[in-house]
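One structure below.
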Amino acid sequence: GNSVTQMEGPVTLSEEAFLTINCTYTATGYPSLFWYVQYPGEGLQLLLKATKADDKGSNKGFEATYRKETTSFHLEKGSVQVSDSAVYFCALTETGANSKLTFGKGITLSVRP
Amino acid sequence: DGGITQSPKYLFRKEGQNVTLSCEQNLNHDAMYWYRQDPGQGLRLIYYSQIVNDFQKGDIAEGYSVSREKKESFPLTVTSAQKNPTAFYLCASTQGYGTDTQYFGPGTRLTVL
């Protein structure tokens, strides 16, 4: 079956630091990959996505590249802000799977001023 | 504005009582989903519905029931058979099948006393 593995958290950074959150996946087909963000007390919002190998998703200064050879979709941001403090989820869905998402466990990011 | 609404935001119930969580969308999406979120476990799929009057069990359907009588509504009932119902419940929808992006509601936090 499908699975998504995220690095262990939580992660605490100072403002303007570089961020990397690792995500690797296992899938039988050709998945699309997603990063969702959850701010405290809220639902999930799509941050970015990539639908095929070598695609790069980007939004709000965050980027992630779909690496089929390493089955990875690591999230990066060059300079984090306090407002980026949230829980980040990596997820995948396979074509024809009725958009069923498989989520990683999520990682909490805290950014200090 | 189009979106997904879940009500109420916080819900308290006594052990042994059934409780129904509301989910409404005005996005004209065909597919709807219910997830359960527990600390450190990511999101797990409870039920999903691809079209009106049709739904399928997800990974953790035991102790839950759903209905899909209208396209815009997908209520979830947490029954007394659910052994550990206290959790954060999230509803989502997509336009259709395949790799469509899921849009999430703000969630309902259920506490069983």
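Here the structure is a predicted model, which means the values were calculated and not measured. The sequence lines fix the lettering, A, B, ..., with proteins before strands; numbering per chain opens at 1.
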Worksheet item: Going through the checks in order, is the side-chain contact (heavy atoms from CB on, under 4.5 Å) test met by Gln38(A) and Leu90(B)?
Response: CA-CA 11 Å; Gln38(A) 184 179 34; Leu90(B) 287 159; 4.3 Å; yes
Worksheet item: How many angstroms lie between CG in Leu44(A) and CD in Gln102(B), if you round to the nearest 0.5 Å?
Response: 9.5 Å
Discussion item. Check this for me: Lys105(A), atom NZ, are more than 12 non-hydrogen atoms of other residues, nucleotides or ligands nearer than 6.0 Å?
Written reply: no
Worksheet item: Minimum heavy-atom separation for Thr101(B) to Tyr36(A), with atom names?
Response: CG2-OH, 3.9 Å
Discussion item. Under a 4.5 Å cutoff for heavy-atom pairs, which residue among Gln6(B), Lys9(B), Gln37(B) has the most contacts with chain A?
Written reply: Gln37(B)
Worksheet item: Counting N and O atoms only, with roles assigned by atom type, does the side chain of Tyr33(B) sit under 3.5 Å from a partner on the main chain of Leu101(A), one being a donor and the other an acceptor?
Response: no
Discussion item. According to a hydrophobic-cluster definition based on side-chain heavy atoms being under 4.5 Å apart (Ile, Leu, Val, Met, Phe, Trp, Tyr only), do Tyr39(A) and Ile21(A) belong together?
Written reply: yes
Worksheet item: Applying the 4.5 Å side-chain criterion to the ILVMFWY set and letting contacts propagate, would Leu46(A) and Val4(A) be lumped into a single cluster?
Response: no
Worksheet entry | Transitive ILVMFWY side-chain link Leu33(A) to Ile107(A), under 4.5 Å | yes
Fill in: Side chain / backbone / both / neither for Leu45(B) at chain A, heavy atoms under 4.5 Å
side chain
Practice prompt. State whether the number of non-hydrogen atoms from other residues, nucleotides or ligands found under 6.0 Å of Glu8(A) atom CD is greater than 12.
Written response: no
